[in-house]
Asker: 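Starting off with a structure, shown below.
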Number of protein chains: 2
Amino acid sequence: MRELPYPKTEELDLPRVLHALSDPARLDMVRRLAQEGELTCGALGVDRPKSSMSHHFRTLRDAGVIRTCVDGTVHLNHLRKDDLERRFPGLLKVVLDAPET
Amino acid sequence: MRELPYPKTEELDLPRVLHALSDPARLDMVRRLAQEGELTCGALGVDRPKSSMSHHFRTLRDAGVIRTCVDGTVHLNHLRKDDLERRFPGLLKVVLDAPET
DNA sequence: TCTATTGTTCGTATTTTATCGAACTAAGAG
DNA sequence: CTCTTAGTTCGATAAAATACGAACAATAGA
(Lines give C-alpha, C1' and ligand atoms only; values in the text may rest on other atoms or scores of the structure.)
Protein backbone atom coordinates (compact mmCIF):
# COMPACT_ATOMS: atom_id res chain seq x y z
CA MET A 1 0.00 0.00 0.00
CA ARG A 2 1.95 2.95 -1.35
CA GLU A 3 2.01 6.34 0.33
CA LEU A 4 2.39 9.76 -1.24
CA PRO A 5 5.33 11.89 -0.04
CA TYR A 6 4.78 14.23 2.89
CA PRO A 7 6.98 16.26 5.25
CA LYS A 8 8.22 14.81 8.51
CA THR A 9 6.81 16.08 11.77
CA GLU A 10 9.90 18.17 12.57
CA GLU A 11 9.73 19.73 9.13
CA LEU A 12 6.21 21.07 9.53
CA ASP A 13 6.30 24.80 8.90
CA LEU A 14 3.74 27.02 10.59
CA PRO A 15 3.24 29.59 7.82
CA ARG A 16 2.84 26.76 5.34
CA VAL A 17 0.31 24.95 7.51
CA LEU A 18 -1.62 28.14 8.18
CA HIS A 19 -1.72 28.89 4.50
CA ALA A 20 -3.02 25.41 3.73
CA LEU A 21 -5.77 25.93 6.30
CA SER A 22 -6.61 29.45 5.16
CA ASP A 23 -8.66 28.30 2.18
CA PRO A 24 -12.34 27.71 2.98
CA ALA A 25 -12.58 24.63 0.75
CA ARG A 26 -9.54 23.04 2.37
CA LEU A 27 -10.77 23.97 5.81
CA ASP A 28 -14.00 22.12 5.07
CA MET A 29 -12.03 19.12 3.90
CA VAL A 30 -10.05 19.13 7.12
CA ARG A 31 -13.20 19.42 9.23
CA ARG A 32 -14.80 16.49 7.44
CA LEU A 33 -11.67 14.39 7.79
CA ALA A 34 -11.67 15.19 11.49
CA GLN A 35 -15.29 14.14 11.86
CA GLU A 36 -15.49 11.18 9.55
CA GLY A 37 -11.95 9.85 9.70
CA GLU A 38 -10.27 8.41 6.65
CA LEU A 39 -11.89 9.45 3.39
CA THR A 40 -11.20 8.98 -0.29
CA CYS A 41 -10.73 11.98 -2.53
CA GLY A 42 -14.04 11.29 -4.23
CA ALA A 43 -15.89 11.11 -0.95
CA LEU A 44 -14.81 14.63 -0.13
CA GLY A 45 -15.28 16.73 -3.22
CA VAL A 46 -18.56 16.72 -4.99
CA ASP A 47 -18.97 20.28 -6.15
CA ARG A 48 -15.61 20.73 -7.84
CA PRO A 49 -13.75 19.06 -10.67
CA LYS A 50 -11.28 16.33 -9.81
CA SER A 51 -8.28 18.37 -10.84
CA SER A 52 -9.22 21.17 -8.47
CA MET A 53 -9.71 18.73 -5.63
CA SER A 54 -6.42 17.10 -6.41
CA HIS A 55 -4.74 20.47 -6.12
CA HIS A 56 -6.23 21.06 -2.68
CA PHE A 57 -5.24 17.60 -1.52
CA ARG A 58 -1.71 18.24 -2.66
CA THR A 59 -1.57 21.57 -0.85
CA LEU A 60 -2.73 19.94 2.38
CA ARG A 61 -0.38 17.03 1.91
CA ASP A 62 2.66 19.18 1.08
CA ALA A 63 1.98 21.32 4.13
CA GLY A 64 1.82 18.16 6.22
CA VAL A 65 -1.80 18.43 7.26
CA ILE A 66 -2.95 15.16 5.71
CA ARG A 67 -1.43 11.90 4.59
CA THR A 68 -2.54 9.93 1.57
CA CYS A 69 -2.35 6.17 1.19
CA VAL A 70 -2.91 4.62 -2.19
CA ASP A 71 -5.07 1.53 -1.82
CA GLY A 72 -5.85 0.07 -5.19
CA THR A 73 -7.50 2.75 -7.27
CA VAL A 74 -8.57 4.71 -4.23
CA HIS A 75 -6.59 7.30 -2.32
CA LEU A 76 -7.30 7.28 1.37
CA ASN A 77 -6.68 10.56 3.13
CA HIS A 78 -6.40 11.14 6.81
CA LEU A 79 -5.57 14.02 9.10
CA ARG A 80 -2.11 13.90 10.68
CA LYS A 81 -3.62 14.70 14.07
CA ASP A 82 -0.83 13.34 16.22
CA ASP A 83 1.97 14.83 14.16
CA LEU A 84 0.28 18.22 14.12
CA GLU A 85 -0.34 18.01 17.84
CA ARG A 86 3.29 17.20 18.48
CA ARG A 87 4.56 20.06 16.37
CA PHE A 88 1.88 22.69 17.02
CA PRO A 89 0.06 21.69 20.20
CA GLY A 90 -3.55 22.76 20.20
CA LEU A 91 -3.66 24.07 16.66
CA LEU A 92 -6.01 21.49 15.25
CA LYS A 93 -8.44 21.77 18.14
CA VAL A 94 -8.55 25.53 17.81
CA VAL A 95 -9.25 25.29 14.11
CA LEU A 96 -11.88 22.60 14.46
CA ASP A 97 -13.65 24.35 17.33
CA ALA A 98 -13.74 27.71 15.59
CA PRO A 99 -17.09 29.07 14.41
CA GLU A 100 -17.72 28.22 10.78
CA THR A 101 -18.68 31.67 9.67
CA MET B 1 -7.14 59.77 19.08
CA ARG B 2 -8.48 58.34 15.85
CA GLU B 3 -8.64 54.63 15.16
CA LEU B 4 -8.40 52.86 11.83
CA PRO B 5 -11.37 50.64 10.85
CA TYR B 6 -11.29 46.99 11.84
CA PRO B 7 -13.77 44.10 12.02
CA LYS B 8 -15.79 43.42 15.13
CA THR B 9 -15.02 40.37 17.20
CA GLU B 10 -18.04 38.44 15.93
CA GLU B 11 -17.01 39.21 12.37
CA LEU B 12 -13.58 37.66 12.66
CA ASP B 13 -13.27 35.04 9.93
CA LEU B 14 -10.96 32.10 10.49
CA PRO B 15 -9.69 31.63 6.93
CA ARG B 16 -8.98 35.34 6.75
CA VAL B 17 -7.11 35.34 10.05
CA LEU B 18 -5.13 32.24 9.12
CA HIS B 19 -4.20 33.82 5.84
CA ALA B 20 -3.02 36.96 7.57
CA LEU B 21 -0.86 34.83 9.86
CA SER B 22 0.46 32.63 7.07
CA ASP B 23 3.01 35.16 5.87
CA PRO B 24 6.40 34.91 7.61
CA ALA B 25 6.86 38.68 7.75
CA ARG B 26 3.45 39.20 9.31
CA LEU B 27 3.96 36.33 11.70
CA ASP B 28 7.13 38.02 12.90
CA MET B 29 5.25 41.26 13.37
CA VAL B 30 2.62 39.48 15.44
CA ARG B 31 5.26 37.79 17.56
CA ARG B 32 6.97 41.08 18.27
CA LEU B 33 3.70 42.77 19.12
CA ALA B 34 2.96 39.94 21.51
CA GLN B 35 6.33 40.30 23.20
CA GLU B 36 6.80 44.03 23.23
CA GLY B 37 3.23 45.27 23.37
CA GLU B 38 2.11 48.35 21.50
CA LEU B 39 4.47 49.36 18.71
CA THR B 40 4.55 51.98 15.99
CA CYS B 41 4.80 50.94 12.37
CA GLY B 42 8.33 52.25 12.16
CA ALA B 43 9.41 50.32 15.23
CA LEU B 44 8.46 47.07 13.54
CA GLY B 45 9.73 47.21 10.01
CA VAL B 46 13.34 48.00 9.40
CA ASP B 47 14.24 45.80 6.45
CA ARG B 48 11.37 46.71 4.15
CA PRO B 49 10.08 49.92 2.59
CA LYS B 50 7.28 51.76 4.32
CA SER B 51 4.74 50.95 1.63
CA SER B 52 5.34 47.21 2.01
CA MET B 53 4.99 47.43 5.76
CA SER B 54 1.83 49.43 5.37
CA HIS B 55 0.39 46.67 3.22
CA HIS B 56 1.13 44.05 5.87
CA PHE B 57 -0.33 46.20 8.62
CA ARG B 58 -3.46 46.61 6.57
CA THR B 59 -3.73 42.87 5.97
CA LEU B 60 -3.42 42.17 9.68
CA ARG B 61 -5.83 44.96 10.56
CA ASP B 62 -8.45 43.93 7.98
CA ALA B 63 -8.27 40.36 9.22
CA GLY B 64 -8.80 41.64 12.75
CA VAL B 65 -5.48 40.55 14.18
CA ILE B 66 -4.29 44.00 15.17
CA ARG B 67 -5.78 47.39 15.90
CA THR B 68 -4.21 50.70 14.98
CA CYS B 69 -4.61 53.94 16.86
CA VAL B 70 -3.47 57.16 15.29
CA ASP B 71 -1.71 59.27 17.88
CA GLY B 72 -0.39 62.42 16.33
CA THR B 73 1.90 61.39 13.51
CA VAL B 74 2.46 57.94 14.91
CA HIS B 75 0.37 54.85 14.41
CA LEU B 76 0.26 52.61 17.43
CA ASN B 77 -0.47 48.98 16.71
CA HIS B 78 -1.47 46.34 19.15
CA LEU B 79 -2.57 42.74 19.04
CA ARG B 80 -6.27 42.13 19.59
CA LYS B 81 -5.46 39.40 22.09
CA ASP B 82 -8.75 39.41 23.94
CA ASP B 83 -10.91 39.60 20.85
CA LEU B 84 -9.00 36.80 19.18
CA GLU B 85 -9.20 34.72 22.33
CA ARG B 86 -12.94 35.25 22.53
CA ARG B 87 -13.52 34.30 18.93
CA PHE B 88 -10.85 31.61 18.46
CA PRO B 89 -9.83 30.40 21.92
CA GLY B 90 -6.24 29.27 22.04
CA LEU B 91 -5.28 30.33 18.54
CA LEU B 92 -2.88 33.06 19.49
CA LYS B 93 -1.11 30.96 22.08
CA VAL B 94 -0.65 28.12 19.61
CA VAL B 95 0.80 30.45 17.03
CA LEU B 96 3.09 32.22 19.47
CA ASP B 97 4.33 28.99 21.04
CA ALA B 98 5.02 27.32 17.71
CA PRO B 99 8.64 26.68 16.72
CA GLU B 100 9.98 29.46 14.54
CA THR B 101 11.40 27.25 11.87
C1' DT C 1 -7.40 -8.11 -22.83
C1' DC C 2 -10.79 -4.53 -22.70
C1' DT C 3 -13.16 -1.39 -19.82
C1' DA C 4 -14.58 1.37 -15.97
C1' DT C 5 -13.04 3.77 -11.88
C1' DT C 6 -10.05 6.84 -9.20
C1' DG C 7 -7.18 10.32 -9.04
C1' DT C 8 -2.82 12.73 -10.83
C1' DT C 9 -0.42 15.70 -14.03
C1' DC C 10 -0.21 19.15 -17.60
C1' DG C 11 -1.27 23.52 -19.84
C1' DT C 12 -3.42 27.65 -19.52
C1' DA C 13 -6.38 31.42 -18.03
C1' DT C 14 -7.75 34.18 -14.15
C1' DT C 15 -7.30 36.11 -9.75
C1' DT C 16 -4.78 37.37 -5.61
C1' DT C 17 -0.81 38.75 -3.23
C1' DA C 18 3.60 40.82 -2.65
C1' DT C 19 6.90 44.45 -3.52
C1' DC C 20 8.44 48.92 -4.01
C1' DG C 21 8.98 53.77 -5.64
C1' DA C 22 6.61 58.05 -5.87
C1' DA C 23 3.20 61.14 -4.62
C1' DC C 24 0.26 62.42 -0.95
C1' DT C 25 -1.77 63.50 3.92
C1' DA C 26 -1.82 64.69 8.70
C1' DA C 27 0.27 66.45 12.74
C1' DG C 28 3.95 68.54 15.41
C1' DA C 29 8.15 71.65 15.77
C1' DG C 30 10.31 75.88 14.98
C1' DC D 1 3.89 79.21 7.21
C1' DT D 2 7.55 75.90 6.38
C1' DC D 3 9.89 71.79 7.32
C1' DT D 4 10.18 67.27 9.13
C1' DT D 5 8.36 62.92 10.58
C1' DA D 6 5.25 58.92 10.11
C1' DG D 7 2.63 56.40 7.48
C1' DT D 8 -1.00 55.78 3.71
C1' DT D 9 -2.43 55.44 -1.03
C1' DC D 10 -1.52 54.94 -5.89
C1' DG D 11 0.29 52.60 -9.85
C1' DA D 12 2.99 49.32 -11.94
C1' DT D 13 5.07 44.85 -12.04
C1' DA D 14 6.15 40.39 -10.68
C1' DA D 15 5.17 36.20 -8.30
C1' DA D 16 1.92 32.87 -6.42
C1' DA D 17 -2.47 30.64 -6.00
C1' DT D 18 -6.81 29.03 -7.93
C1' DA D 19 -9.63 26.81 -11.32
C1' DC D 20 -10.61 23.55 -14.69
C1' DG D 21 -10.60 20.72 -19.01
C1' DA D 22 -7.94 17.26 -21.27
C1' DA D 23 -4.75 13.75 -21.35
C1' DC D 24 -2.53 10.24 -18.64
C1' DA D 25 -1.47 6.27 -15.12
C1' DA D 26 -2.71 2.55 -12.14
C1' DT D 27 -5.63 -0.87 -10.63
C1' DA D 28 -9.78 -3.84 -10.32
C1' DG D 29 -13.15 -6.50 -12.59
C1' DA D 30 -15.54 -8.81 -16.52
Side-chain angles (χ1 to χ4, degrees), chain A residues 1-7 13-30 32-33 36-79, chain B residues 1-6 13-30 32-33 36-78:
Chain A
M1 186 142 83
R2 219 170 84 248
E3 201 166 21
L4 270 48
Y6 59 92
D13 177 60
L14 186 62
R16 204 174 173 78
V17 169
L18 293 180
H19 173 257
L21 297 173
S22 73
D23 180 277
R26 289 193 292 263
L27 200 53
D28 280 348
M29 293 163 72
V30 167
R32 291 205 44 202
L33 283 172
E36 309 177 29
E38 209 159 42
L39 288 174
T40 66
C41 297
L44 242 71
V46 270
D47 51 343
R48 283 171 202 284
K50 295 186 300 178
S51 55
S52 297
M53 292 308 294
S54 190
H55 159 71
H56 287 307
F57 277 113
R58 189 184 221 295
T59 302
L60 287 171
R61 193 166 49 239
D62 288 352
V65 177
I66 66 172
R67 194 154 51 175
T68 307
C69 299
V70 182
D71 179 16
T73 64
V74 224
H75 289 209
L76 286 170
N77 301 283
H78 75 265
L79 259 185
Chain B
M1 186 143 84
R2 220 170 86 247
E3 201 166 20
L4 270 46
Y6 59 92
D13 177 59
L14 186 61
R16 203 173 173 79
V17 169
L18 294 180
H19 173 257
L21 297 173
S22 73
D23 181 276
R26 289 193 291 262
L27 200 52
D28 280 349
M29 292 163 71
V30 167
R32 290 206 43 204
L33 282 173
E36 309 176 30
E38 210 160 40
L39 287 173
T40 65
C41 297
L44 243 71
V46 270
D47 51 344
R48 282 170 203 286
K50 295 187 299 179
S51 54
S52 298
M53 292 308 295
S54 189
H55 159 71
H56 288 306
F57 277 114
R58 189 183 221 294
T59 302
L60 286 171
R61 192 166 50 237
D62 288 353
V65 177
I66 66 172
R67 195 155 49 175
T68 307
C69 298
V70 183
D71 179 16
T73 64
V74 229
H75 288 207
L76 286 170
N77 301 283
H78 76 265

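Please read all numbers here as calculations on a predicted model, not as lab measurements. Naming convention: chains lettered A, B, ... in sequence-line order (proteins, then strands); numbering from 1 in each chain.
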Asker: Quick check on DNA chain D: between A/Arg26 and A/Asp71, whose nearest nucleotide comes earlier from the 5' end?
Answerer: A/Arg26

Asker: To the nearest angstrom, how far is B/His55 atom NE2 from C/dT16 atom P?
Answerer: 14 Å

Asker: Should A/Ser51 be listed as having a side-chain N or O under 4.0 Å from OP1 or OP2 of C/dG7?
Answerer: no

Asker: Taking CG from B/Asp47 and C1' from C/dT19, how many angstroms apart are they, rounded to a whole number?
Answerer: 13 Å

Asker: What about A/Ser54, does its side chain sit under 3.5 Å from the base of C/dG7 through a donor-acceptor pair?
Answerer: no

Asker: Which one of B/Val65, B/Thr68, B/Leu33, B/Val17 satisfies the side chain to side chain contact (heavy atoms under 4.5 Å, CB included) criterion with B/Leu60?
Answerer: B/Val65

Asker: Can you tell me how far P of C/dT16 sits from CG of B/Asp62, to the nearest Å?
Answerer: 15 Å

Asker: To the nearest angstrom, how far is A/Met29 atom CE from D/dT18 atom P?
Answerer: 12 Å

Asker: May I ask you to say what B/Arg2 touches in the nucleic acid, namely base, sugar-phosphate or nothing, with a heavy-atom cut-off under 4.0 Å?
Answerer: nothing

Asker: Looking at the side chain of B/Pro49, which of D/dG7, C/dC20, C/dT8 is the nearest nucleotide?
Answerer: C/dC20

Asker: Return no unless some side-chain N or O of B/His75 is found under 4.0 Å from OP1 or OP2 of D/dG7.
Answerer: no

Asker: At under 4.0 Å, does any side-chain N or O of B/His56 touch on OP1 or OP2 of C/dT19?
Answerer: yes

Asker: In whole angstroms, how far is the C1' atom of C/dT8 from the CE atom of A/Met53?
Answerer: 13 Å

Asker: Would you check if the side chain of A/Asn77 reaches a backbone N or O of A/Leu39 as a donor-acceptor pair within less than 3.5 Å?
Answerer: yes

Asker: If you pin A/Val70 and A/Ser22 to their nearest nucleotides in DNA chain D, which one's is more 5'?
Answerer: A/Ser22

Asker: Without decimals, in angstroms, what is the distance between B/Asp23 CG and C/dT17 C1'?
Answerer: 9 Å

Asker: Could you tell me whether the side chain of B/Leu44 reaches within less than 4.5 Å of the side chain of B/Phe57, counting heavy atoms only?
Answerer: yes

Asker: May I have the distance from B/Leu4 (atom CG) to D/dG7 (atom P), rounded to whole angstrom?
Answerer: 12 Å

Asker: Check whether any side-chain nitrogen or oxygen of A/Arg48 sits under 4.0 Å from OP1 or OP2 of D/dA19, and answer yes or no.
Answerer: yes

Asker: Taking CG from B/Leu60 and P from C/dT17, how many angstroms apart are they, rounded to a whole number?
Answerer: 13 Å

Asker: Counting only side-chain nitrogens and oxygens, does A/Thr73 get under 4.0 Å of the OP1 or OP2 atom of C/dG7?
Answerer: no

Asker: From D/dG21, C/dG21, C/dT9, pick the nucleotide closest to the side chain of A/Arg58?
Answerer: C/dT9

Asker: Determine whether a donor-acceptor pair (N or O, by modelled atom type, separation under 3.5 Å) exists between the side chain of B/Arg2 and the backbone of B/Val70.
Answerer: no

Asker: Do B/Ser54 side-chain atoms and B/Ser51 backbone N/O form a donor-acceptor pair below 3.5 Å?
Answerer: no

